[in-house]
Amino acid sequence: MKTFTLLILVCTCLLLVSFWLTSEVLPLSRDKHKKERKLFPNITQPPQGQLVTRSVVASTSKPDHRASQSNQSIPTNGKSTSSENALLCKEIRDRFLSTALRKRYSEDFYIQSFRTVQNCTWTRRSDEYIKFRSKLASCCNAVQNFIVSQNNTSLGSNMTYEVDNKKNITISETIFKMLPKSQPFMERPYKHCAVVGNGGILQNSSCGAEIDKSDFVFRCNLPPINGHFYEDVGNKTNVVTVNPSIITHKYGRLRGKKTDFLHNMTKYGGAYFLLPAFSYSSNTAACFKVFTTLNESQANQKAIFFHPKYLKSLGQFWRANGVRAYRLSTGLMITSAAIELCDQVTLYGFWPFAKTMEGNLISHHYYDNQLPKPGFHAMPKEFIQVLQLHTKGILKLQGVVAPPE
């Protein structure tokens, strides 16, 4: 009898849970997708040279009195439709910029947002650029604080680590001599800068020649740029960041693989190697080892270090703008600095998704499919921020569609 009663109770509980899922959770999921569709409803990729119609971006709650015109795409090369295109793109821009950055959206939403924005011709807006650059300068000041140098760091001072912020390191004479006398980017502002991410979207993109035409090129985490990669990503490099884990795992902390390291680094020419020596105390030794190895070997490359105060201020700036993660990605750090150091900025390979706009699967990086640690970076939130900067005309996010294999 007790067993029968227990069975009845279990069945009742299962029915109640099933009812709750049906009445509460599933509608919430549907509501989320409805909200996403209200921002960019029924978006489809138009033929090349055309814009999506007004009905694509108009709110479904407000009927369009020009509905009779919305059954066809608006050609971008027609003089009679230039005002229509401008109005349409303004609607797209205003709708996208109203997106709530603190909310969670699906991957399809982000891809759909990019597709929509791509339908409008990008135009640089100097007023928006100057305004945003001023905001960055007031909080972070890359011009003076991007790199640890002798003119912003005193001999004998105690430097607090960016992430291990309860730990300090004394700037000894040995460390002080490692630092450049001033900020190394004396020719700034550079006219046109390229920030090259490592997204798989760069595969088969043929962006290499365009990247190499830039006046200044930033790259991230010692990516491969020679051989068959050259056509897609170029090889010009002025600054390349170095993740200390690469030095530890690939080059054995430069104890037994120093020759391999020096040989592999020659492809970067006379680039600066930018390292986070003062972010984590556990990374300091590896970063200093890169400096001494390059210096003792009289290599063309020079090691420089992120300033921890700059990175901490930058993290606070983006957190206030909706990017909440354990730490910013290297790509967003470099993009932020580039906006202060350059007159024009174009991003390549910034695509944190597993598929293209057409739904074709791609690898995480253009050279491998190694995924980042879950929860370490807020990549979709960073992407939507970058896309909003693109929409405002502050920087250009180069859209590349990798063809299917």
Side-chain angles (χ1 to χ4, degrees), residues 129-130 132-154 157 159-163 165 169 171 175-176 178-197 214-222 237-244 268 270-280 283-284 287-288 290-291 301-321 323 327-347 382 385-386 389 394-395:
Y129 189 85
I130 293 170
F132 189 74
R133 177 193 267 181
S134 297
K135 286 182 180 179
L136 280 173
S138 64
C139 91
C140 311
N141 193 4
V143 173
Q144 297 296 329
N145 300 324
F146 183 36
I147 305 300
V148 181
S149 61
Q150 292 181 5
N151 68 352
N152 63 24
T153 304
S154 302
S157 61
M159 179 170 286
T160 302
Y161 283 93
E162 173 214 349
V163 183
N165 52 27
I169 183 171
I171 305 301
I175 297 175
F176 191 73
M178 292 183 184
L179 310 179
K181 291 183 179 180
S182 60
Q183 295 296 296
F185 312 117
M186 298 304 294
E187 296 178 13
R188 61 155 192 89
Y190 301 97
K191 185 176 180 181
H192 182 258
C193 295
V195 181
V196 187
S214 304
D215 299 303
F216 202 89
V217 179
F218 297 88
R219 298 184 189 271
C220 303
N221 296 331
L222 295 180
T237 307
N238 298 98
V239 173
V240 59
T241 64
V242 182
N243 191 320
Y268 297 111
Y272 285 103
F273 284 6
L274 180 53
L275 299 110
F278 305 107
S279 291
Y280 296 89
N283 289 339
T284 304
C287 294
F288 285 176
V290 171
F291 178 92
Q301 304 81 30
K302 295 180 180 180
I304 53 178
F305 309 123
F306 278 111
H307 201 301
K309 285 186 178 179
Y310 172 79
L311 294 182
K312 191 168 184 177
S313 298
L314 192 65
Q316 292 170 346
F317 173 85
W318 284 112
R319 196 172 297 114
N321 284 276
V323 179
R327 198 158 184 260
L328 297 177
S329 70
T330 303
L332 190 57
M333 293 175 186
I334 295 301
T335 297
S336 303
I339 291 172
E340 286 198 66
L341 299 174
C342 311
D343 286 333
Q344 299 177 40
V345 178
T346 302
L347 308 187
E382 289 190 3
Q385 286 278 7
V386 167
L389 294 179
I394 295 170
L395 55 74

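Since this is a predicted model, take the numbers as computed values, not measurements. FYI, the numbering just counts along the sequence from 1. Any value given below was found using the heavy atoms of this structure, including those in side chains, with hydrogens, waters and symmetry copies removed.
Scanning both residues, Cys342 and Phe218, for their nearest heavy atoms gives SG-CE1, 4.2 Å. Taking all atoms of both residues into account, the shortest heavy-atom contact from Ser279 to Leu311 is OG-CD1, 3.7 Å. Closest non-hydrogen pair, Phe288 versus Ala277, comes out as CE2-CB, 4.1 Å. Residues Val239 and Ala271 approach most closely at N-CB, 4.5 Å, considering heavy atoms. Taking both residues in full, the closest heavy atoms of Thr330 and Cys220 are given as CG2-SG, 4.2 Å, listed atom of the first, atom of the second, then distance. For the residue pair Gln344 and Tyr129, the shortest heavy atom distance occurs at N-OH, 4.0 Å.
Counting heavy atoms from C-beta on, the side chains of Pro184 and Lys302 never come closer than 4.5 Å. For the pair Val163/Arg327, a side-chain contact is recorded, criterion being any heavy-atom separation below 4.5 Å from C-beta on. Side-chain contact between Trp318 and Leu328 is present, with at least one heavy-atom pair separated by less than 4.5 Å. Using a 4.5 Å cut-off on side-chain heavy atoms (C-beta onward), Phe273 and Tyr268 make contact. At a threshold of 4.5 Å between non-hydrogen side-chain atoms, the residues Thr346 and Leu395 do not count as touching. Within the 4.5 Å cutoff, side-chain heavy atoms of Gln385 are placed close to those of Asn321. With a 4.5 Å cut-off on side-chain heavy atoms, Leu332 and Ser329 count as touching. At least one side-chain heavy atom of Pro276 sits less than 4.5 Å from a side-chain heavy atom of Cys287.
Panel note: side chain Ser313, backbone Tyr310; no donor-acceptor pair is recorded below 3.5 Å. The closest donor-acceptor contact from the side chain of Ser157 to the backbone of Thr153 lies at 3.5 Å or more, if one exists at all. Side-chain atoms of Asn238 come within 3.5 Å of backbone N or O of Val217 as a donor-acceptor pair. A donor-acceptor pair is defined here as one N or O able to donate and one able to accept, closer than 3.5 Å; no such pair exists between the side chain of Asn283 and the backbone of Tyr280. A distance-only check finds no donor-acceptor pair linking the side chain of Gln150 to the backbone of Pro180 [under 3.5 Å]. A donor-acceptor pair is defined here as one N or O able to donate and one able to accept, closer than 3.5 Å; such a pair exists between the side chain of Thr241 and the backbone of Asn221. With hydrogens and angles disregarded, a donor-acceptor distance shorter than 3.5 Å links the side chain of Asp215 to the backbone of His192.
Separation of atoms OG (Ser149) and CD (Gln144) is listed at 8.0 Å; rounding is to 0.5 Å. Considering CZ of Phe216 and CZ of Phe185, their distance stands at 5.0 Å, rounded to 0.5 Å. Distance check: Ser154 OG to Phe176 CZ gives 7.0 Å after rounding to the nearest 0.5 Å. From Ile130, atom CD1 reaches atom CD1 of Ile339 across 13.0 Å, with rounding to the nearest 0.5 Å. Between Leu274 atom CG and Ile334 atom CD1 the span is 5.0 Å, to the nearest 0.5 Å. Rounding to the nearest 0.5 Å places CG of Asn165 at 8.0 Å from OG1 of Thr160.
Listed by first and then second residue, the salt bridge (Lys or Arg N to Asp or Glu O under 4.0 Å) pairs that reach into residues 330-347 are Arg133-Asp343, sequence neighbours excluded.
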Step by step, work out the side chain to side chain contact (heavy atoms under 4.5 Å, CB included) result for Ile169 and Ile175.
-> CA-CA 10 Å; Ile169 183 171; Ile175 297 175; 3.9 Å; yes
From CA spacing to verdict: side chain to side chain contact (heavy atoms under 4.5 Å, CB included), Met333, Leu314 = CA-CA 8 Å; Met333 293 175 186; Leu314 192 65; 4.2 Å; yes
What do the steps show when you test His307 against Asn152 for side chain to side chain contact (heavy atoms under 4.5 Å, CB included), and what is the final call?
-> CA-CA 9 Å; His307 201 301; Asn152 63 24; 3.7 Å; yes
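Using a 30° and 60° split on the angle between ring planes, Phe317 and Phe132 fall in the perpendicular class, above 60°.
Note: Phe278 and Phe306 fail the aromatic proximity criterion, with ring centroids not under 6.0 Å apart. Note: Tyr272 and Phe305 fail the aromatic proximity criterion, with ring centroids not under 6.0 Å apart.
Residues satisfying the side chain to side chain contact (heavy atoms under 4.5 Å, CB included) criterion with Gln316, sequence neighbours excluded, are Lys312, Arg319. Taking Ser182 as the reference, nothing meets the side-chain hydrogen bond (donor to acceptor under 3.5 Å, both in side chains) condition, with sequence neighbours excluded.
Residues Thr284 and Tyr161 bring a donor and an acceptor atom of their side chains to less than 3.5 Å of each other.
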